[in-house]
2 protein chains.
Amino acid sequence: MESLESEGKAGEYYDVVKKFEYLDHTADVQIHSWGDTIEEAFEHAVMGMFNYMTEIDGVLPKKTMEVSAEGTDYESLLFHLMDEFLFLSCTDDYFMAREIKITEFNREKWTMKALGYGEDFDRERHGGKGTEVKAITYSAMQVYDKTPKSEIFVIIDI
Amino acid sequence: MESLESEGKAGEYYDVVKKFEYLDHTADVQIHSWGDTIEEAFEHAVMGMFNYMTEIDGVLPKKTMEVSAEGTDYESLLFHLMDEFLFLSCTDDYFMAREIKITEFNREKWTMKALGYGEDFDRERHGGKGTEVKAITYSAMQVYDKTPKSEIFVIIDI
């Protein structure tokens, strides 16, 4: 690797002929959340997802949305809860939550209800900072319901 | 999922308590390049890599850098050629190529020489548009040396 010459020709260049294109583009990020209870860890996993779309400190608590989720264990319940909120963010005027509150958690039926406090996406105040979340994944998902600290690891496609 | 209320409180909000963090972040993109010859497909695979870092139309041909690569087959040769240019982009004043020319290709020894026409990275003119390329990968790599069209598929970590 050696420099052969260094004569500049600024301003005299043409567009490059391009015989290439970009195909797939995949990306993901792992959210790690925690709490004193497993409910709190669930809440912050969802908030971590919203914070990836837009800085949640900038989201106002103008609107409250309720979500129900069902599963057969912690993992499927987490998946469906996050998926329900992800769905809200893609529809319903692009609802963004700043805080989440689990209001019901039935461990026998594996059902959950949660409230999301937030507002519809505002391009001026929320736009341009965040990243689209494409999907929740089960990949390497871990849910630890423990005392004194519960933890969650979940990977989302972005 | 139903809206429970909708009373706005703009300007009266506090920062959210956050019990989450983002861990891994992985991303990649597949470059597809082609040419009348396999050499041309190699050239455009490298150009596709540089174009991901910065728009190569905006790179001036001020400087020519020569790179040598060795391998044992098409795939390893492509890997090492791209890796050599990636190395130049991380060192040597962050050299960016707008065009690549393969000057030697020895199919018996699997060696290659190439010239890169470009300039050192200029934060003002090149900055802020591109993405860091972290590594070349062998993942799903495909090299087709065919007439009348040669093609390459290579995934790079970004």
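By convention in this document, chain letters (A, B, ...) are assigned in the order of the sequence lines, proteins followed by strands, and residues within each chain are numbered from 1.
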### Task
Look at atom CD of A/Q142 and say whether more than 12 heavy atoms of other residues, nucleotides or ligands are closer to it than 6.0 Å.
yes
### Message
Assigning hydrophobic clusters by single linkage (Ile, Leu, Val, Met, Phe, Trp, Tyr; side-chain heavy-atom cutoff under 4.5 Å), is B/F105 placed with B/F85?
### Response
yes
#### Entry: Path from A/Y138 to A/M112 over hydrophobic side-chain contacts below 4.5 Å
yes
### Query
In terms of heavy-atom pairs under 4.5 Å, which option from B/G48, B/S33, B/A27 contacts chain A the most?
B/G48
### Task
State plainly whether one hydrophobic cluster holds both B/M82 and B/W110, where clusters connect Ile, Leu, Val, Met, Phe, Trp and Tyr through side-chain heavy atoms under 4.5 angstrom apart.
yes
### Query
NZ of B/K101: more than 12 outside heavy atoms within 6.0 angstrom?
no
### Summary
One should read off an interatomic distance between B/D15 CG and A/E55 CD, to the nearest 0.5 angstrom, of 8.5 Å
### Atom pair CG/NZ of B/D57 and A/K18 - distance to nearest 0.5 Å
3.0 Å
### Task
Consider only side-chain heavy atoms of I, L, V, M, F, W and Y, link residues closer than 4.5 Å, and tell whether A/L81 and A/W34 are in one cluster.
no
### Task
Tell me, for B/K113 versus chain A, whether the close heavy atoms (under 4.5 Å) come from the side chain, the backbone, both or neither.
neither
#### Entry: Cluster check B/M49, B/I155: I/L/V/M/F/W/Y, side chain < 4.5 angstrom
no
### Task
Could you tell me whether the side chain of A/R98 reaches within less than 4.5 Å of the side chain of B/Y14, counting heavy atoms only?
yes
### Query
With respect to chain B, which residue among A/D28, A/V29, A/I31 yields the maximal number of heavy-atom pairs within a distance under 4.5 Å?
A/D28
### Query
Above 12 or not: heavy atoms from other molecules or residues under 6.0 Å from NZ of B/K146?
no
### Message
To the closest 0.5 Å, what do you measure between CZ (B/F20) and CG (A/N51)?
### Response
4.0 Å
### Message
So for B/E40, is it side chain, backbone, both, or neither that comes closer than 4.5 Å to the heavy atoms of chain A?
### Response
side chain
### Task
Return the minimal non-hydrogen interatomic distance between A/H32 and B/E21, and the atom names on each side.
ND1-OE2, 2.6 Å
### Summary
Scanning both residues in full, the closest heavy-atom pair of A/V16 with B/E99 reads CG1-CG, 3.9 Å
#### Entry: Heavy-atom contact with chain B under 4.5 Å, split by part of A/I158
side chain
### Task
Go through B/H25, B/Q30, B/M47 and name the one with the most non-hydrogen pairs under 4.5 angstrom from chain A.
B/Q30
### Task
Could you tell me which non-hydrogen atom of B/Y22 sits nearest to which non-hydrogen atom of A/Y52, and how far apart they are?
OH-N, 3.2 Å
